[in-house]
Amino acid sequence: MASISTYAPTREDFAALLDESYGDNEAFEGSVVKGTVVAIEKDVAVIDLGLKTEGRVALKEFQGPNREGAPVVGDVVEVYLERIENALGEAVISRDKARREESWVKLEKAFEKQEKVEGVIFNQVKGGFTVDLDGAVAFLPRSQVDIRPIRDVTPLMGVPQPFQILKMDRRRGNIVVSRRTVLEESRAEQRHEIVANLEEGQVIEGMVKNITDYGAFVDLGGIDGLLHVTDIAWRRVNHPTEVLSIGQTVRVKIIKINHDTHRISLGMKQLLEDPWQGIEAKYPVEARFRGRVTNITDYGAFVELEPGIEGLIHVSEMSWTKKNVHPGKIVATSQEVDVQVLEVDPVKRRISLGLKQTLANPWESFAEKFPIGSEVEGEVKNKTEFGLFIGLDGDVDGMVHLSDLDWKKPGEQAIEDYKKGDIVRAKVLDVDIDKERISLGVKQLGGDAVAPAAEGAPKPTDDPSDLKKGVVVTCEIMDVKDGGLDVRIVGTDFTAFIKRNELARDRADQRPERFAVGEKVDARITQFDRRTRKVTVSIKALEVAEEKEAIAQYGSADSGASLGDILGAALKAREKGGKAEE
């Protein structure tokens, strides 16, 4: 009877047998192994892994973009071994997972080297799209699809194209890619090549690609240049659409090239003759021209004299009489106006124009129509602390100063008799055309309180006809104030104010309280304006004049006589003269 073997394989023996069964594949669960297609059954491929077992893979896993297509019997393929044996005794394998593992290895190398990878956009998800990178699925954010936002991505779907990997996380299975980065890099290379072939001053044709408020972008054949609104034409262009339209072909001149940023500045007007050449001869100062209002601002209005040549009418040069008025209330856009050239600056390309200079100067017209001394009538336009403003013929105003309202009343009181809107008659006292001022007087319409003064009169006088500078007059004190005295010249309706420092020669006597209302004092006229009827008197001036006269007649202090002796002699002589007359 044969003996029965009692040999039991050890763990090492089993590992050796398993290793022998795996052969060259060195297959383990969770890794990629090679297998041979041994049969095609309906929609699956039967694959022999060399493990004395077979696995099945759906044919659809071999199909799709960037895939090899359906296999045939005898093909050797790589699959991912999930389990060596399932409940049916078959290996659980996957072609998709095998491809994904292969792709991750390749993608990680490309990511480290910053190399581009090829992929296919195959689906749209929230916030972007999914991209098949030869088995590995990556996320393409919507902002990374193109350089500019695009509405329809359909033409890009299913088309193999390069992408740049921005981020990889194998543990989470996340890959983020960008198509925009690839386009920008390609575009930068293209722009660099194009810019290298361009030169400043070169004339080139391009197509208007886009229009903005500040200019237009012109496609120069792969690179855009900016045509600023100020370089479209020599004349004022408010918006580029006035001259250009999208798709239009234009000839432009390259003004400037920035080789670092690849920015190109273009110009159209530079291809035309500069209208500012010889501008001073074309538009001499004081010459008059007709132009069209093109723009109105707070500070004036721009007038086009010819295409490309504009001048500014400053608001101060728009009207003789309308001050502090917005230019839009004097002229309107597109209105044709006559202007006069005031200044030409060819360097700054500026022409100053005047509108009012083409119209009659109302102050000149008034002076011709109403010479000094004429009587006028007008409405009180305004009351101020220094007088009345009267509206006169020619839309000009004249001013009546407080001192020219009444002979007897102080100006502050006299102005209270007038209110805005009153019709007032006055006399023209002065017209200053350059300063645009007209001086009027109301009190001058009455009897003249002062006639031309006669020469002489060395002693106090109460004769109005003798009034003039240097004459001594007797004044009656009407009011005593801290600052001086209000007085009336005896024999006239004239009033004056003697300031505190004019009350006496000596400072100790310059005290208003020394005087009383109703008291009469002698004073000397120091100022007299017959036109304005203003008079100024001084007691101090009289005392100084008398002292000089006494010294001249009775000796000088240098001779040994005191000033008191000299004045005493003068007073005695005056008293004797008075008694002799009696």
Side-chain angles (χ1 to χ4, degrees), residues 211-216 227-245 248 250 267-369 391-397 433-434 436:
I211 295 177
T212 66
D213 292 338
Y214 55 85
L227 175 61
H228 197 271
V229 64
T230 57
D231 289 313
I232 293 177
W234 289 108
R235 65 178 180 85
R236 178 185 293 273
V237 177
N238 295 316
H239 197 276
T241 51
E242 295 177 7
V243 181
L244 305 172
S245 59
Q248 178 181 349
V250 293
M268 284 179 61
K269 71 180 185 182
Q270 287 77 5
L271 298 176
L272 305 174
E273 183 181 354
D274 187 354
W276 285 87
Q277 293 293 333
I279 196 68
E280 291 176 295
K282 193 184 300 184
Y283 295 98
V285 175
E286 294 188 358
R288 295 186 178 185
F289 300 90
R290 191 166 186 81
R292 180 178 62 87
V293 178
T294 57
N295 191 28
I296 297 176
T297 67
D298 292 337
Y299 52 85
F302 289 91
V303 175
E304 184 182 60
L305 301 175
E306 66 174 79
I309 299 295
E310 282 186 343
L312 172 66
I313 309 175
H314 192 268
V315 64
S316 61
E317 305 294 343
M318 302 194 81
S319 173
W320 290 109
T321 57
K322 295 178 181 178
K323 308 295 183 183
N324 301 320
V325 176
H326 192 277
K329 295 185 177 180
I330 301 176
V331 296
T333 305
S334 299
Q335 177 184 349
E336 291 192 353
V337 292
D338 291 324
V339 292
Q340 180 171 310
V341 178
L342 304 181
E343 183 182 359
V344 178
D345 189 335
V347 177
K348 295 183 178 180
R349 295 174 176 261
R350 294 176 181 174
I351 298 180
S352 298
L353 303 174
L355 179 63
K356 69 182 184 182
Q357 286 79 2
T358 63
L359 307 173
N361 187 332
W363 279 272
E364 291 181 353
S365 301
F366 183 89
E368 293 177 2
K369 188 174 182 181
L392 302 173
D393 186 61
D395 201 23
V396 296
D397 290 345
I433 296 174
D434 294 334
E436 300 181 353

Any idea which heavy atoms bring [X] and [Y] closest together, and the distance?
X: His228; Y: Thr230; result: ND1-OG1, 2.9 Å
X: Met268; Y: Ile232; result: CB-O, 3.4 Å
X: Val293; Y: Ala301; result: CG1-CB, 4.3 Å
X: Pro327; Y: Asp298; result: CD-O, 3.7 Å
X: Ala216; Y: Leu244; result: CB-CD1, 3.8 Å
X: Glu436; Y: Trp320; result: OE2-CE3, 3.5 Å

Sort out for me which residue in Glu280, Arg350, Lys282 forms a side-chain contact (heavy atoms from CB on, under 4.5 Å) with Val344.
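That would be Glu280.
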
To the nearest 0.5 Å, what is the distance between [atom1] ([X]) and [atom2] ([Y])?
X: Glu310; Y: Arg292; atom1: CD; atom2: CZ; result: 8.0 Å
X: Ile351; Y: Phe289; atom1: CD1; atom2: CZ; result: 8.5 Å
X: Thr212; Y: His239; atom1: OG1; atom2: NE2; result: 7.0 Å
X: Ile330; Y: Leu355; atom1: CD1; atom2: CG; result: 7.5 Å
X: Gln335; Y: Ile296; atom1: CD; atom2: CD1; result: 8.0 Å
X: Ile279; Y: Leu305; atom1: CD1; atom2: CG; result: 7.5 Å

Applying side chain to side chain contact (heavy atoms under 4.5 Å, CB included), run through Trp276 and Val347 and close with a yes or a no.
CA-CA 9 Å; Trp276 285 87; Val347 177; over 6 Å; no

Flag side-chain contact, heavy atom, 4.5 Å: Val331 against Val303:
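Contact flag for Val331/Val303 side chains = no.
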
Measure the shortest side-chain to side-chain distance between Asp395 and Pro362 over non-hydrogen atoms and say whether it is less than 4.5 angstrom.
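No - every pair of side-chain heavy atoms lies 4.5 Å or more apart.
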
Donor + acceptor pair across side chains of Thr358, Asp338 (<3.5 Å):
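Judged by distance alone, the side chains do not pair up.
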
Check the pair Leu353 / Glu317 against side chain to side chain contact (heavy atoms under 4.5 Å, CB included), numbers first and verdict last.
CA-CA 8 Å; Leu353 303 174; Glu317 305 294 343; over 6 Å; no

All ring pair (Phe, Tyr, Trp, His ring centres under 6.0 Å) counterparts of Phe302, not counting sequence neighbours:
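None.
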
Taking [Y]'s backbone N and O only, do any of them form a donor-acceptor pair with [X]'s side chain (distance below 3.5 Å, no angle check)?
X: Gln248; Y: Ser245; result: yes
X: Lys269; Y: Arg235; result: no
X: Trp234; Y: Pro307; result: no

I'd like to know if Glu304 and Arg236 make a salt bridge, using a cut-off of under 4.0 Å between side-chain N and carboxylate O.
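A salt bridge is absent here (no side-chain N lies under 4.0 Å from a carboxylate O).
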
For Leu392 and Asp397, run side chain to side chain contact (heavy atoms under 4.5 Å, CB included): C-alpha distance rounded to whole Å, both residues' side-chain angles, the deciding distance at 0.1 Å, then the answer.
CA-CA 6 Å; Leu392 302 173; Asp397 290 345; over 6 Å; no

Before you tell me yes or no, could you show the steps for Met318 and Val325 under side chain to side chain contact (heavy atoms under 4.5 Å, CB included), namely the whole-Å CA-CA distance, both residues' side-chain angles and the distance that decides it to 0.1 Å?
CA-CA 10 Å; Met318 302 194 81; Val325 176; over 6 Å; no

